[in-house]
Amino acid sequence: MKLIVLGSSSAGNGYILNGTNSALIIECGVPFKEAVRAIDFNISKVAGAIITHSHGDHSKYAKTYIESCIPVYSSAKTATESGLTGHFSKHFQSEKQFLIGDFTI
């Protein structure tokens, strides 16, 4: 497994856990095209994305990820604050373990 850092600042946060068969995007604060470029445009490899809170440097591009059919996981509060809706907007509960593809969160 490899950690790819796309950005880690107030300008935008984004990370990818890139495994052999799947990838998990952590934070949606960088444009979607930068994330998929980092994994050689293999969108089918992406199990999902997770955002920790609604600040723009973490969630600014989440709608673009959702529009690209990437499931974006967040708390219900974060989804509401970020304006995330639709089939690919997924909610999780704090302190409860869940799966995103092969990744245990």
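Remember, predicted model here, so these are calculated numbers, not experimental data.
- Judged by distance alone, the side chain of Lys45 and the main-chain N or O of Gly19 form a donor-acceptor pair under 3.5 Å.
- Nearest heavy-atom pair, Ser22 versus Asp102, reported as atom, atom and distance to 0.1 Å: OG-OD2, 3.3 Å.
- Leu84 and Phe88 fall within the same hydrophobic cluster, where Ile, Leu, Val, Met, Phe, Trp and Tyr residues are linked whenever their side-chain heavy atoms come under 4.5 Å apart, directly or through other members.
- Sorted by first and then second residue, the ring-ring contact (aromatic ring centres under 6.0 Å, His included) pairs with a member in residues 17-58 read Phe32-Tyr65, His53-His55, His53-His58; sequence neighbours excluded.
- Between Ser54 and Ser59, the shortest heavy-atom contact is O-OG, 2.9 Å.
- A donor-acceptor contact shorter than 3.5 Å is absent between the side chain of Lys63 and the backbone of Lys60.
- A 4.5 Å side-chain heavy-atom check between Ile25 and Ile50 finds every atom pair outside the cut-off.
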**Report entry** Verdict with reasoning, Ile70 to Ile43, per side-chain contact (heavy atoms from CB on, under 4.5 Å)
**Finding:** CA-CA 9 Å; Ile70 302 297; Ile43 296 172; 3.9 Å; yes
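- Criterion: ILVMFWY side-chain heavy atoms under 4.5 Å apart, direct or through other members. Under it, Tyr15 and Leu24 are part of a common hydrophobic cluster.
- Both Ile39 and Leu6 sit in one connected hydrophobic cluster of ILVMFWY residues. Membership requires side-chain heavy atoms under 4.5 Å apart, directly or through other members.
- When every heavy atom of Gly101 is checked against every heavy atom of Ala47, the shortest pair comes out as CA-CB, 3.9 Å.
- Rounding to the nearest 0.5 Å places CD1 of Ile100 at 8.5 Å from CD1 of Ile26.
- Between Ser89 and Val72 there is no side-chain heavy-atom pair separated by less than 4.5 Å.
- When atom types are taken as modelled, the side chain of Asp57 and the backbone of Asn13 share no donor-acceptor pair closer than 3.5 angstrom.
- A continuous path of Ile, Leu, Val, Met, Phe, Trp and Tyr side chains, each step under 4.5 Å between heavy atoms, connects Met1 with Ile105, placing both in one hydrophobic cluster.
- Phe103 and Ile16 end up in different hydrophobic clusters when Ile, Leu, Val, Met, Phe, Trp and Tyr side chains are linked at under 4.5 Å.
- Side-chain atoms of Ser75 come within 3.5 Å of backbone N or O of Thr78 as a donor-acceptor pair.
- Distance CD1/Ile4 to CZ/Arg37: 12.5 Å, rounded to 0.5 Å.
- Judged purely by distance below 3.5 Å, without hydrogens or angles, the side chains of Gln97 and Thr104 never pair a donor atom with an acceptor atom.
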